Amino acid sequence: MLDPKLLRHEIEKTAAALALRGVTLDVDRIASLETQRKALEIATQELQHTRNSQSKLIGQAKAKGEDVAPLMQTVNELSDKLKTSEERLKEIQEALNSIYWSIPNIPHVSVPVGASEKDNQEIRQWGNPTTFDFIPKDHVELGEGLSQMDFTSAGKISGARFVVLSNKLARLQRAIAQFMLDLHTQEHGYVEMYVPYLVKKESLFGTGQLPKFYDDLFHVTGDQKLSLIPTAEVPLTNLSADTLYENAQLPIKLVAQTPCFRSEAGSYGKDTRGMIRQHQFEKVELVQIVRPEDSYQALEELTGHAEKVLQLLQLPYRVVALCTADLGFASSKTYDLEVWIPSQKMYREISSCSNFETFHARRMMARYRNPETQKTDYVHTLNGSGLAVGRTLVAIIENYQDKRGRIRIPDVLLPYMSGIELID
RNA sequence: GGAGAGGUGGCUGAGCGGUUGAAAGCGGCGGUCUUGAAAACCGUUGAGGGGUAUCCCCCCUCCCAGGGUUCGAAUCCCUGCCUCUCCGCCA
C-alpha cells in the first residue's frame, strides 16, 4: 500500500510515476473522494467531540446530584446526526481503501522505464552458455530417459503440472535445497526458519497476494479458511506483522525452504511441458527486514546471495533489472536472475529479488523506532528466491548432461550426495 | 473430543460503566553524580489519524477483531479469531 499522503497531496506526481508502469490512476475520482473524506471527517470529529464533552458533563452533574435530564436531551439529539455522519464517512473511506489497496507500488528512480518485458535491462552476465559436442536433450527427455522423472504417474495422482521424482534425481533435489540453506545460513548470515505452509487471509493480504491475486492461490475448504502459500515470502515476511522493532534488532535476515503452491491461473499453454511451471515446487526463500536507508544496499546484497548459488553450481546466468512495465505489484525494484537452459537456448527466470520499501510494511504494520527522531517508521522489506529448487534441478540436469543422457553432479553438491557422482 | 482461564501500551502486568489513554515494574530517552562506565537518584516516555501548519497547539480513534446495550464502554452482552491449563486421544 502506498502512503495515503502521496494520494492526498501529491496525486499528480504519483499518477505520473504509476503511469510509467502502465497504471492509470483515476485522479478525479480519488480527489473528489478525498475532498468528501476530509469534510466528513472534520464534521464527524466535531460531533464526536461535542458528544464526549456533553457526556462528561452528565457524569459530573450526576456526581453532584443535579438534574441531568436536559443535558441528556441535547446529547440524544446529537446521536442521529453523528450516526449518519459516521456511516457516510465509513462508506467513503471504504471506497478509498478499495482503490488504495489495488494501486501498485511506485517504481524506484533507478528502474528502467519500459513498455513491456522486452524493455528489461540486462545488468550483467556470468559465465557463457554451456556448449555441447552433441545435441543436448531437455530435462524431460533426460529425466524420463533415466526413469527418475515421471509426469505420467503425477498426472494419474494429481493431474497436470505435477511431477514425481525418484531415486537419485529425488535425492539431487534434496541435496540442492540443503546446499542452498547451508550457504545462506553459514556464509550469508541468514537464520533458518521452519514455517507453516497454510496461512490466514490476513497474511496474504500483508504481502499483497490479496485482494488482487486470489485466483493464483490454492484455498482449502472447510471451517478454517486457510490458503496454501505460493511462496515462503508470505509466512516469513508476516512474522514482522504488527511488530515495532527496536533499531538494534534490524536488519533481520531469514531463510526457509518450503514447497510453494500456485494455481497458475492465466498461464494456460505456457510451459506446459516439464518442470518449469508446476502447481507445487520447492523454493529456498530469502527475506530481509531492514531500515529504510539500508534497503537498496540490501537489495544488491540479497541479489548477490542468490547469484552465489548459481556461481557455485557453475550455472551460466544473467541478471536482469525489470523495467517499470514488468515490475511486480508490490515491488519498487526487482532483479531477476535467469539461468541458461540449453534445450530452450535461452535464459529462464530462476530467482526474483525485490525491494518492496514500505509497501508490505504499511499493510502489515511492521515498524521500527527511528533512533534519530525517536518516532516509529515503517521498515523496508525485501525478498528473493535463493533459489527456486525445481528450476535449479532443471538447470543442473540440462547443463550437466552427457551424450549418453547421464547427469554429472556439480562439485559443490557432492558432499550432499553421499558418494553419488553421476545420475544414470 | 470434554472442562476451565484469558487476550490491556516496546515488554510484564493492574484496572467499581463517568477527568483512565489507562496504576506499577522493566526497557528506552534526558539529567545529576563520575576521569569514563556501572550503580543510585531525579525527570521523561503508547500508537494511528485529522486540523492548523509545523515541530507549538487543538481534536478524533485505538485496551484481539466485528457487532450490540448506554447520554457515556478497556470495564456489560453476543459472535469470531487466538493463547494458556487440566483430562482424553494421537503422528
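The structure presented is a predicted model; accordingly, all values stated were derived computationally and were not measured. Letters go in sequence order (proteins before strands), and every chain restarts at 1.
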Suppose you measure atom [atom1] in [N] against the same atom in [M]; what distance do you get, rounded to whole Å?
| N | M | atom1 | answer |
| --- | --- | --- | --- |
| B/G46 | B/A74 | C1' | 15 Å |
| B/U8 | B/U12 | C1' | 11 Å |
| B/C29 | B/U35 | P | 23 Å |
| B/C89 | B/G10 | P | 43 Å |
| B/G25 | B/U45 | P | 14 Å |
| B/G48 | B/G43 | P | 27 Å |
| B/A40 | B/U19 | C1' | 35 Å |
| B/G66 | B/C81 | C1' | 10 Å |

Under a 3.5 Å limit for both distances, which nucleotide forms a Watson-Crick or G-U wobble pair with [N], could you say?
| N | value |
| --- | --- |
| B/U79 | B/A65 |
| B/G72 | none |
| B/G4 | B/C84 |
| B/U35 | none |
| B/G25 | B/C11 |
| B/G30 | B/C42 |
| B/U19 | none |

Of the listed nucleotides [options], the one nearest the side chain of [X]:
| X | options | value |
| --- | --- | --- |
| A/H49 | B/C71, B/G51, B/C59 | B/C59 |
| A/T376 | B/G49, B/C60, B/G48 | B/G48 |
| A/Q45 | B/C82, B/G10, B/G49 | B/G49 |
| A/I42 | B/C81, B/G51, B/C71 | B/G51 |
| A/R367 | B/C71, B/C59, B/A47 | B/A47 |
| A/N52 | B/C60, B/C82, B/C71 | B/C60 |
| A/Q48 | B/G72, B/G67, B/C60 | B/C60 |
| A/M365 | B/G18, B/G48, B/U52 | B/G48 |

Which is it for A/L25 and A/L7 under the side-chain contact (heavy atoms from CB on, under 4.5 Å) test, yes or no, and what are the steps along the way? CA-CA 10 Å; A/L25 216 52; A/L7 296 153; 3.9 Å; yes
[X] [atom1] to [N] [atom2]: how many Å, rounded?
| X | N | atom1 | atom2 | answer |
| --- | --- | --- | --- | --- |
| A/E77 | B/C71 | CD | P | 13 Å |
| A/E202 | B/C81 | CD | C1' | 8 Å |
| A/L250 | B/G10 | CG | C1' | 13 Å |
| A/K90 | B/C60 | NZ | C1' | 16 Å |
| A/E86 | B/U61 | CD | P | 8 Å |
| A/D242 | B/U83 | CG | P | 15 Å |
| A/H9 | B/A53 | NE2 | P | 13 Å |
| A/L40 | B/U61 | CG | P | 16 Å |

Can you tell me if the side-chain N/O atoms of A/K38 get under 4.0 Å from OP1 or OP2 in B/G51? yes
Looking at B/C11, I'd like to know if its phosphate oxygens (OP1 or OP2) sit under 4.0 Å from a side-chain N or O belonging to A/R369.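 Negative; the distance criterion is not met.
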Does any donor-acceptor pair link the side chain of A/K56 with the base of B/G18 at a separation under 3.5 Å?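 Under the 3.5 Å cut-off, the side chain and the base do not form any donor-acceptor pair.
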Residue mapping more 5' on RNA chain B - nearest nucleotide basis, A/D377 or A/E46: A/D377
Identified side-chain hydrogen bond (donor to acceptor under 3.5 Å, both in side chains) counterpart of A/Y190 within the set A/Q288, A/K253, A/H184: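 Running side-chain hydrogen bond (donor to acceptor under 3.5 Å, both in side chains) over A/Q288, A/K253, A/H184 with A/Y190 returns exactly one hit, A/Q288.
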If you compare all heavy atoms of A/F329 against all heavy atoms of A/W101, which two are closest, and at what distance to 0.1 Å? CZ-O, 3.4 Å
By the 4.0 Å heavy-atom rule, please label [X] as base, sugar-phosphate, or nothing.
| X | result |
| --- | --- |
| A/K62 | base |
| A/L244 | sugar-phosphate |
| A/R362 | nothing |
| A/K83 | nothing |

Does atom CD (A/E300) have a neighbourhood of more than 12 heavy atoms from anything else shown, all under 6.0 Å? yes
Side-chain (A/Q297) to main-chain (A/D294) donor-acceptor, under 3.5 angstrom: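 Between the backbone of A/D294 and the side chain of A/Q297 there is no qualifying donor-acceptor contact (under 3.5 Å).
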Quick one: does A/S85's side chain have a donor or acceptor within less than 3.5 Å of a partner on A/K81's backbone?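 Judged by distance alone, no pair lies under 3.5 Å.
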Under-4.0 Å salt bridge between A/K83 and A/E86: no
Short N-O contact, A/D424 and A/K168, less than 4.0 angstrom: yes
